[in-house]
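Values reported hereafter were calculated over all heavy atoms of this structure, with side chains retained and with hydrogens, waters and symmetry mates removed.
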Amino acid sequence: QVQLVESGGGLVQPGGSLRLSCAASGFMISFYAMSWYRQAPGKKRELVASISNTGSNINYVDSVKGRFTISRDNAKNTIYLQMNSLKPEDTAVYYCFAPGSNWGQGTQVTVSS
């Protein structure tokens, strides 16, 4: 059974950092590009970052460039999102995604003083 489990979210002050993890099971992520999405209250889900299966091609939405870093460990079947210099507008539920997978439960990130 294909499953994605996100973790690492929490409450952080503006300027702080968090590292999200997404553990995959039921398939090998090494064959797939992987992505992080987020959905803020009342807004559409948006693509935040994506990484090719080898990690050689990475893309970010403009609003997180220079602050967020996506990475992957194919041996651990896990992807990560390092988030630095967090802003209140980064507050959202963060989801990882692989082609053909169902959405997981996500992990809540709240940036507030």
Side-chain angles (χ1 to χ4, degrees):
Q1 181 180 358
V2 172
Q3 190 173 18
L4 297 169
V5 179
E6 302 92 343
S7 62
L11 173 63
V12 63
Q13 292 186 340
S17 298
L18 285 172
R19 188 192 194 208
L20 307 184
S21 300
C22 171
S25 59
F27 71 107
M28 299 289 289
I29 69 166
S30 57
F31 295 107
Y32 301 98
M34 300 288 293
S35 304
W36 283 99
Y37 285 76
R38 67 185 179 187
Q39 187 166 20
K43 295 188 176 181
K44 292 168 51 177
R45 192 168 298 184
E46 70 166 344
L47 176 63
V48 175
S50 60
I51 183 168
S52 61
N53 64 325
T54 61
S56 61
N57 189 23
I58 291 174
N59 292 284
Y60 299 98
V61 68
D62 285 347
S63 59
V64 308
K65 284 181 180 177
R67 300 188 298 121
F68 289 11
T69 302
I70 188 172
S71 62
R72 63 192 298 153
D73 186 336
N74 287 343
K76 294 183 178 181
N77 227 33
T78 300
I79 67 167
Y80 305 95
L81 187 67
Q82 177 67 43
M83 305 186 298
N84 298 329
S85 302
L86 282 161
K87 303 176 181 181
E89 51 263 45
D90 295 318
T91 295
V93 179
Y94 285 71
Y95 302 87
C96 62
F97 182 77
S101 71
N102 294 318
W103 294 103
Q105 83 287 352
T107 186
Q108 175 71 48
V109 172
T110 303
V111 184
S112 175
S113 55

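- Under the 4.5 Å side-chain heavy-atom criterion for Ile, Leu, Val, Met, Phe, Trp and Tyr, V64 and I70 are members of the same hydrophobic cluster.
- Side-chain heavy-atom separations under 4.5 angstrom define the hydrophobic clusters, and Y80 shares its cluster with no other residue.
- Annotation: salt bridge (Lys or Arg N to Asp or Glu O under 4.0 Å) contacts of K43 (sequence neighbours excluded): none.
- Each salt bridge (Lys or Arg N to Asp or Glu O under 4.0 Å) pair with one or both residues in residues 93-102, not counting sequence neighbours, would appear here, but there are none.
- Between C22 atom SG and W36 atom CH2 the span is 5.0 Å, to the nearest 0.5 Å.
- Atom OG1 of residue T69 and atom CG of residue L81 lie 8.0 Å apart, to the nearest 0.5 angstrom.
- Annotation: salt bridge (Lys or Arg N to Asp or Glu O under 4.0 Å) contacts of R45 (sequence neighbours excluded): none.
- Y60 and V109 fall within a single hydrophobic cluster, where Ile, Leu, Val, Met, Phe, Trp and Tyr are joined by side-chain heavy atoms under 4.5 Å apart, directly or via other members.
- Ring planes of Y37 and F97: perpendicular class, angle over 60° (limits at 30 and 60°).
- Residues L4 and M34 meet the side-chain proximity criterion, which asks for heavy atoms closer than 4.5 Å.
- Listed by chain and residue number, Y32 satisfy the ring pair (Phe, Tyr, Trp, His ring centres under 6.0 Å) test with F27 (two or more places apart in sequence, or in another chain).
- Residue L47 is not grouped with residue I58 when hydrophobic side chains (ILVMFWY) are merged at heavy-atom distances under 4.5 angstrom, including chains of intermediate members.
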Output a table of donor-acceptor pairs, distance under 3.5 Å, between side-chain atoms of residues 8-19 and any protein atom two or more places apart or on a different chain; print 'none' if there are none.
from, atom 1, to, atom 2, distance (Å)
S17, OG, N84, OD1, 2.9

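- Closest approach of I79 to C96, counting heavy atoms only: CD1-CB, 3.9 Å.
- The hydrophobic cluster around V5 extends to none of the other residues, as no ILVMFWY side-chain heavy atom falls under 4.5 Å of it.
- Screening residues 89-108 for salt bridge (Lys or Arg N to Asp or Glu O under 4.0 Å), with sequence neighbours left out, gives R38-D90, R67-D90.
- Judged as a salt bridge (Lys or Arg N to Asp or Glu O under 4.0 Å), and not counting sequence neighbours, R72 has no contacts.
- The ring pair (Phe, Tyr, Trp, His ring centres under 6.0 Å) search around Y95 returns W103, not counting sequence neighbours.
- Screening residues 60-90 for disulfide bond (SG atoms under 2.5 Å apart) gives no qualifying pairs among residues at least two apart or on separate chains.
- A 4.5 Å side-chain heavy-atom check between T107 and Y94 finds at least one atom pair inside the cut-off.
- The side-chain hydrogen bond (donor to acceptor under 3.5 Å, both in side chains) test applied to T54 returns S56, not counting sequence neighbours.
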